[in-house]
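These notes concern the structure reproduced below.
Order of the sequence lines sets the chain letters (A, B, ...), proteins ahead of strands, with each chain counted from 1. Being a predicted model, the structure only gives us computed values, none of them experimental.
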Number of protein chains: 2
Amino acid sequence: MARLTLERVAELAGVSRSTASRVINGQDGVRPEIRKRVLDVVELTGFVPHAAARTLAGQRSRILGLAIRQTTAQVFSDPYFAALVQGVSRACNDRDQTLSLFLFESTHDHDLLPSRLLRTKLVDGLVITATYADDPLLWQLTEAGVPLVVVGEVSNPDIPTVDADNHGGAALAAEHLLSLGRQRIGTVTGPMRSGAAATRFRAFERALAAAGQPLQPDLVVEADFTDDAAHDAAKRLLARGPDAIFAFSDRMALGVLRALGEAGLSVPDDVALVGFDDLPPARLARPPLTTIRQEVEQAGTEAVALLLERIQDPSAPARRVELPTSLVVRESSVPRRAQEVSA
Amino acid sequence: MARLTLERVAELAGVSRSTASRVINGQDGVRPEIRKRVLDVVELTGFVPHAAARTLAGQRSRILGLAIRQTTAQVFSDPYFAALVQGVSRACNDRDQTLSLFLFESTHDHDLLPSRLLRTKLVDGLVITATYADDPLLWQLTEAGVPLVVVGEVSNPDIPTVDADNHGGAALAAEHLLSLGRQRIGTVTGPMRSGAAATRFRAFERALAAAGQPLQPDLVVEADFTDDAAHDAAKRLLARGPDAIFAFSDRMALGVLRALGEAGLSVPDDVALVGFDDLPPARLARPPLTTIRQEVEQAGTEAVALLLERIQDPSAPARRVELPTSLVVRESSVPRRAQEVSA
DNA sequence: CAAGTTTCTGGGACCGCTCCCAGGCGCACA
DNA sequence: TGTGCGCCTGGGAGCGGTCCCAGAAACTTG
């Protein structure tokens, strides 16, 4: 059986390749009657254009890459990335793009990204996340002329980004803990070279200071967004007797929670706890976690939209989208007197 | 600047396109001296062959698809899939393949899979998971002649699969709970049309029966692998007073744990709990979860290996790889008397 | 009704690579 | 030294589309 090609479809419809191509790509300038004839044949045969041929001839692959740097082997199991992937995937499906996922370890697969995905012209553009604000990779990529969108913060103003309102979110957390009357408010931060962590930190610090209750340096510990690191960091922190902790992600909050449990401290009675993200684990934790909600999945779809814009017009100024954050109060931070109220 | 193409590389090396191609593809039959000349030019220029052109000419895209059906919006956040993706991704990187991720909702994106990924010849083959044993999609795909590997169980013997030893794992769980002296052993199963769930159930049932302590029908409740469903199912189950529960996944065990907590029951004192998977959440749960360990990430890499075999020789008999399972005992099922031992 | 437009349609030239085939060259053998 | 054979190498023909351009057809307009 001869392969089904555009040529064959054209033949069956009694038109030329060019005309068939126009119809299939929805270009106008084809008489309705002829258009219908072609569409009928397409319908009948189930013709679908060959991806590679299209790419080769048309210079566009309709494949978008999603690159995630794996700091540790477990990073991808972070529900944050799961949600992000979900959003990106949905957007790709909706906008007729194919998603290519690229998980790389900085050390090992580093050059695979440029060579495998980019210089081969496999992808039209890249959504990239889990990078640091001044990641050299980003410069490398922009210089290579790859359409790029970063989910998170970057220092290079020519790169479009989509990010949560980290500033507002952290401020909400601070105000909330203050409103509970907590006096010794501590924090388990992410790595400070991460833009998100740095921003949350500054905002948190500022909000506490504004309330006349500045953040005490000894109540600040740094972790790396994993629960294990947060657990260890929290153990150090607990020695300084905080009565409230703001963890920079839910996943880290879970680690903190574990440390609190091991120390025999009750939440929120002894220590109030607030996380960041509002992903499923927050709700499932015992006690359920108060957290700063951000729209991770939406960030994914938004990133795809930005990337498509970028691909179409690479010279347009880089847009930056900021997604809202909000406070979700659960049991891990209810006021002390209301503590006996159950879920 | 003229684009860097194979032609140009050949020119720079003073050889023909064909020879350059041979060198780049590692074929032999090229004089070492000439080979070196070409490789030097490649090194110097950083040439990488154009993916689409290769695909078009060579009939192989070097792209593997990973398709995951999304039963609920949250499925992908299941750490099981996270681990699987991780494994598949790593294997693709190692074996010079690109990974295309396709998350689809049965209802909405169903036909996107065949048309977007397959008929366009975008992918050389497909790893597919989260399907049911007799999923019509699988027949459809095999009939379309797409090289296919399923992670899980399928009824069609012509499809290669990689799967955990569900039978052995479930038996381990049963024996373990029996060894604790539990009398009223219940189970929260996955959906029975899932092959894994069915197998685990049969094995669990059989192992209990073999010990002269058959599974009581009223102590069996079915859920759908999500924690919420497991939580609800467990609430029903608890009314029948079980003293041990085997949940068919860690994620479900977490839901059960929540239900137990809400019912004021202690684990493992009142009810011993065993999960399945041994993914990170199991260790992080309070108390840490006894579980049946399976090598999810390895399943991913194995699937890629099988798929590559399949692509190379589609007519070879379908291999089935079974990965070992093992019992990991943690606090959720320690013997009653040892309960006071802390972590 | 001729000439000038505008609208459609068809053909050719690629896109960059792989693969097949033919020819050149060197060597062994007779 | 002539012939045969094997090893390398180069050229040509696609792979299946897109895009540009020219020419045909249909429609204006004076």
Side-chain angles (χ1 to χ4, degrees), chain A residues 1-39 41-42 45-63 96 98 115-116 118-122 124, chain B residues 1-39 41-42 45-63 96 98 115-116 118-122 124:
Chain A
M1 176 189 99
R3 250 206 289 265
L4 190 57
T5 119
L6 181 64
E7 183 95 50
R8 180 98 184 90
V9 168
E11 186 187 327
L12 288 174
V15 300
S16 74
R17 237 174 34 237
S18 308
T19 301
S21 174
R22 284 187 198 102
V23 172
I24 284 165
N25 290 298
Q27 296 167 10
D28 47 32
V30 177
R31 240 182 317 159
E33 165 206 341
I34 295 203
R35 171 180 303 275
K36 176 161 184 341
R37 227 158 65 201
V38 174
L39 288 177
V41 173
V42 168
T45 57
F47 171 75
V48 171
H50 186 115
R54 274 188 132 172
T55 302
L56 185 56
Q59 320 278 16
R60 282 251 313 284
S61 69
R62 298 167 167 74
I63 303 180
D96 196 35
T98 300
S115 73
R116 171 102 34 90
L118 305 179
R119 293 226 298 286
T120 61
K121 299 287 178 210
L122 216 212
D124 290 336
Chain B
M1 176 188 96
R3 252 205 290 263
L4 190 57
T5 113
L6 180 65
E7 182 95 49
R8 180 100 183 90
V9 169
E11 186 187 325
L12 289 174
V15 299
S16 74
R17 231 173 41 237
S18 308
T19 300
S21 173
R22 284 186 198 101
V23 172
I24 285 165
N25 291 297
Q27 296 166 11
D28 46 34
V30 176
R31 241 183 316 161
E33 165 207 341
I34 295 201
R35 171 180 302 277
K36 175 162 186 340
R37 226 158 66 201
V38 174
L39 288 177
V41 174
V42 168
T45 57
F47 170 74
V48 171
H50 185 114
R54 274 188 130 172
T55 302
L56 186 56
Q59 321 277 17
R60 282 251 313 285
S61 69
R62 297 168 168 76
I63 303 180
D96 196 35
T98 301
S115 73
R116 172 102 33 90
L118 305 178
R119 293 226 299 287
T120 61
K121 298 289 177 209
L122 216 212
D124 290 335

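Summarising the geometry, atom NZ belonging to Lys121(B) is positioned 12.5 Å from atom OG1 belonging to Thr55(B); distances are rounded to the nearest 0.5 Å.
Residue Asn25(A) contributes atom CG, which lies 13 Å from atom P of dC20(D) at whole-angstrom precision. For Arg8(A) and dC15(D), the CZ to C1' distance is 18 Å, given to the nearest whole Å. Taking atom CD of residue Glu11(A) and atom C1' of nucleotide dG10(C), one finds them 15 Å apart after rounding to whole Å. Separating the CG atom of Leu122(A) from the C1' atom of dC17(C) is a distance of 14 Å, rounded to the nearest angstrom. Rounded to whole angstrom, the span from the NE2 atom of His50(B) across to the C1' atom of dG16(C) amounts to 7 Å. Arg119(A) has its CZ atom 13 Å from the P atom of dC17(C), to the nearest Å. Put simply, CD on Gln27(B) is 15 Å from C1' on dC7(D), counting in whole angstrom units. Taking atom CD on Glu33(B) and atom P on dC7(D), their separation rounds to 18 Å, with Å as the unit.
Under the 4.5 Å side-chain criterion, counting only non-hydrogen atoms from C-beta, Val15(B) is not in contact with Val30(B).
In terms of heavy-atom proximity, Leu4(B) sits nearest to Gly46(B) at CD2-C, 4.3 Å. Taking every heavy atom of both residues into account, Phe47(B) and Leu6(B) meet most closely at CE1-N, 3.5 Å. Between Ala10(A) and Ala20(A) the shortest heavy-atom distance is CB-CB, 3.9 Å.
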Identify each atom pair where a protein N or O and an N or O of nucleotides 8-11 of chain D are less than 3.5 Å apart, giving names and distance.
| unit_1 | atom_1 | unit_2 | atom_2 | d |
| --- | --- | --- | --- | --- |
| dT9(D) | OP1 | Arg31(B) | NE | 3.2 |
| dT9(D) | OP1 | Arg31(B) | NH2 | 3.1 |
| dT9(D) | OP2 | Arg31(B) | N | 3.1 |
| dG10(D) | OP2 | Ser16(B) | N | 2.9 |
| dG10(D) | OP2 | Ser16(B) | OG | 3.3 |
| dG10(D) | OP2 | Thr19(B) | OG1 | 3.0 |
| dG10(D) | O6 | Arg22(B) | NH2 | 2.7 |
| dG11(D) | N7 | Ser18(B) | OG | 3.1 |
| dG11(D) | O6 | Ser18(B) | OG | 2.4 |

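Using a 4.0 Å cut-off between charged side-chain N and carboxylate O, Arg8(A) and Glu11(A) make a salt bridge.
At the phosphate of dC17(C), OP1 or OP2 sits under 4.0 Å from a side-chain N or O atom of Thr5(B).
Minimum atom distance to the side chain of Arg3(B) is reached by dC15(C), of the listed dT18(C), dC15(C), dC15(D).
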